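Model, not experiment: these values are computed from the prediction. Below, read A as the first sequence line, B as the second, and so on, with proteins coming before strands; counting in each chain starts at 1.
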Number of protein chains: 2
Amino acid sequence: MSQRRTSADAGPATIRDVAERAGVSVASVSRVLSGNYPVSDDLRRRVMKVVRELDYVTNAHARSLAGGGTPTVAILINHITGAAFAHVAKGVEGAASLRGWLTLVGTTGDDPERELALVNLMRRQGVTAVVLLGGAYDFEEYQLRMARFARSLDSAGSHLVLVGRPALKGDAPATTVDYDNEGGAYAMASHLLSAGHRHVLVLPGPAELTTAQGRLNGAHRAFEAYGVPFRQDMVHHGPYDFEHGLRAVEHSLEQGPPFTAILAGTDVVAAGAMQALRSAGLRVPEDISVVGYDDIPLASQLTPKLTTVHVPYEEMGRVALRAVADRREGGAGRRGGDGDQFVLGTHVVVRQSVRPPERQG
Amino acid sequence: MSQRRTSADAGPATIRDVAERAGVSVASVSRVLSGNYPVSDDLRRRVMKVVRELDYVTNAHARSLAGGGTPTVAILINHITGAAFAHVAKGVEGAASLRGWLTLVGTTGDDPERELALVNLMRRQGVTAVVLLGGAYDFEEYQLRMARFARSLDSAGSHLVLVGRPALKGDAPATTVDYDNEGGAYAMASHLLSAGHRHVLVLPGPAELTTAQGRLNGAHRAFEAYGVPFRQDMVHHGPYDFEHGLRAVEHSLEQGPPFTAILAGTDVVAAGAMQALRSAGLRVPEDISVVGYDDIPLASQLTPKLTTVHVPYEEMGRVALRAVADRREGGAGRRGGDGDQFVLGTHVVVRQSVRPPERQG
DNA sequence: TTGAAAGCGCTACCAT
DNA sequence: ATGGTAGCGCTTTCAA
């Protein structure tokens, strides 16, 4: 210990140490540091001097217990390495620290048990809100589970925010921030159809995942609108990863029906698909058109640049945080009511990976 | 409020509510919940019943104040969207939650002021350790700054961990987890040189960043070892991003000296470089060889798959957390001493982006 | 085995 | 403008 303080006691300096050394009361020190109360310049100077000497910082736990405390948001992600999630997290964290709020991050690894444990952990922490990110597996159970979370957090003075997940039916006290997932898929599929494509390989993602379902539905609707038959044997479900895009296309190239375009569930899946096409000696978009979903940086870094659906992930994070902050400001008047619901728009970003089939190989 | 509790008071249930309702003392409730003390089965049952009824969870702040409390690690990143950082964070978070620890995340946006503010914020939170991620700008100031952080955290009972940053000189109480950055660069450059390349475009990254300096030095040493002159006009500093790789190569192609290979500072820069080459009608590796650094998933998703240097990011995160945990277990015996230092190995991952120049165009 | 009570460090209220 | 002090919810002696 190279600690040098008035008394030889161990541990961090407390407000009392500061008060003694400065020859003032703890109340005064508290007031100087909180800055929400008038104090004389002299007192402020004396206190701040000691604060610097002792390198003192207030104990957040004590402050929190006593009523003050830094608002904290918890973000619960399935996998921290997903690019889309990272962008939402960035939005939340940015908006949070702008307000001086703290951000906690936890990963569930797709494990419902861990999700529950984390929600409770966060509740213990007295977080202002818990933000759950990303598509969910919408078993019948999901709604009940989330409703329980919502109530549990609400009664603990916290709040549940669902981002990119289906809203809760009924009056569960949760806020939902979602994007027009199906609309984006509809527009993306329409883009392909209006370019003349009639044989489209569809890689929507995991069959049970709500986002994948939405994207598939959107595509389906577009096909109907164009009067083009939607063939189930051209739909391949699978994980939202590069590998799946790769394998699915390899497989379809070998033994599936012919196709002129690929509608991928995410940009990463599209990247995998493009890799498979290239390995097979096919060019994008000359031979086959490919589109993605998400518009993560990768999309514009692929060659050719990927036409995809832009999802305002970072904005969603900001909206989620703002909703929580507003609700806090709003005070008791709005507490306990049904959650708000926000839906952000999506739009197709046309780049270079689509071409009409007539002009394809 | 749809809260339903014994008394009509607002706010989350407290240990006292549980005690009253169960007809036992708060001490008993505490003991049942902490589980670190013998209690009768009857008491445990009674208490747990009420806990479930009230959906009670302990207040982490109160527990923390009173002595208990969940250990918490704080990760401070420059940009949350960097893939390499995300992997370190994953390693830390994974190892942390395995032990029931919490993880806090903050982003500094490359701003030293914000970094300082965050370190203090974390100190207030009483975190077990603060992990600073990623290359630093090693001005003279850096060492002093970090030494100050280290001492400040140490005297607050916390601990500083530097990951992927230069270790602190002197006896500052910090732990460093680094990788053999220069060695990796040396090996990577050697790989290119032994393949016969003599005209190599070098894109090490930002000139002031320690990781970029290390990578440049490693390359330099390799050139010396091979007796190949290292030309300064073939070195282009710039950010670790796709755009830089793109621009630097476009520029060099137009007006730089000719080259047969590109040694990029990161995989993302390499991806940008490859894009520029492709746009210029050059093939990789037939016309130009390209190598990266980091071995993030992107590397194996590029076409051709990128030969690069594997950096064990996730492992570094795990090591960082283990170091902190061990130090905590170790107890007072090791406290306050110099920090430990860990250096993890790197190695070249040979894929498909390199070919001898004779066989290039 | 269980209960009573003294703090943990801080804020906020009530005096002065 | 400043000081004294009662809690915030919990853990942990110390007694019973």
Phosphate OP1/OP2 of [N] contacted by [X] side-chain N/O (<4.0 Å):
X        : N       : value
Ser28(A) : dG3(D)  : yes
Arg16(A) : dC8(C)  : yes
Ser25(B) : dG3(C)  : yes
Tyr56(A) : dC10(C) : yes

Roughly how many Å is it from [atom1] in [X] to [atom2] in [N], rounded to a whole number?
X         : N       : atom1 : atom2 : answer
His61(A)  : dC10(C) : NE2   : P     : 12 Å
Arg63(B)  : dC8(D)  : CZ    : P     : 19 Å
Arg44(A)  : dA1(D)  : CZ    : C1'   : 12 Å
Asn59(A)  : dT11(C) : CG    : C1'   : 13 Å
Arg123(A) : dC10(D) : CZ    : C1'   : 17 Å
Asn36(B)  : dT2(C)  : CG    : P     : 15 Å
Glu20(A)  : dG9(C)  : CD    : P     : 12 Å
Leu65(A)  : dC10(D) : CG    : C1'   : 8 Å

Practice problem: Would you please say whether a donor-acceptor pair under 3.5 Å links the side chains of Ser152(A) and Asp55(B)? | Solution: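 Asp55(B) and Ser152(A) do have a side-chain donor-acceptor pair below 3.5 Å.
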
Self-check item: Distance-only donor-acceptor check, side chains Thr176(A) and Gln341(A), under 3.5 Å
Solution: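 Distance-only check fails for Thr176(A) and Gln341(A).
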
Quiz item: When all nucleic acid strands are considered with a 4.0 Å heavy-atom cut-off, which category describes Ser64(A): base, sugar-phosphate, or nothing?
Solution: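 Contact class for Ser64(A): none.
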
Exercise. Would you check if Val73(B) and Thr128(B) make a side-chain contact, meaning some heavy-atom pair closer than 4.5 Å?
Key: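 A side-chain contact is absent here, since even the closest heavy-atom pair is not under 4.5 Å.
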
Practice problem: For residues Val32(A) and Leu43(A), determine if any side-chain heavy atom of one lies less than 4.5 Å from a side-chain heavy atom of the other. | Solution: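 Yes, at least one pair of side-chain atoms sits under 4.5 Å.
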
Exercise. Drop me the distance from Arg114(A)'s CZ to Thr108(A)'s OG1, to the nearest 0.5 angstrom.
Key: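 The OG1 atom of Thr108(A) is 7.5 Å from CZ of Arg114(A), to the nearest 0.5 Å.
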
Quiz item: Is there a donor and acceptor pair, one atom on the side chain of Arg31(A) and one on the base of dG3(D), closer than 3.5 Å?
Solution: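 Flag set: donor-acceptor pair detected.
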
Can you identify which nucleotide, out of [options], has its nearest atom closest to the [X] side chain?
X        : options                 : result
Val24(B) : dG3(C), dC10(D), dA1(D) : dG3(C)
Ala66(A) : dG9(D), dT2(C), dG7(D)  : dG7(D)
Val26(B) : dC10(D), dG4(D), dA5(C) : dA5(C)
Leu43(A) : dT2(D), dC10(D), dT1(C) : dT2(D)

Self-check item: 5′-ward residue of the pair Ser30(B)/Ser40(A) relative to DNA chain D
Solution: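 The answer here is Ser40(A).
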
Quiz item: For Tyr37(B) and Ala62(B), take the nucleotide of DNA chain D holding the closest heavy atom to each; which residue's nucleotide lies nearer the 5' end?
Solution: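 Result of the comparison: Ala62(B).
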
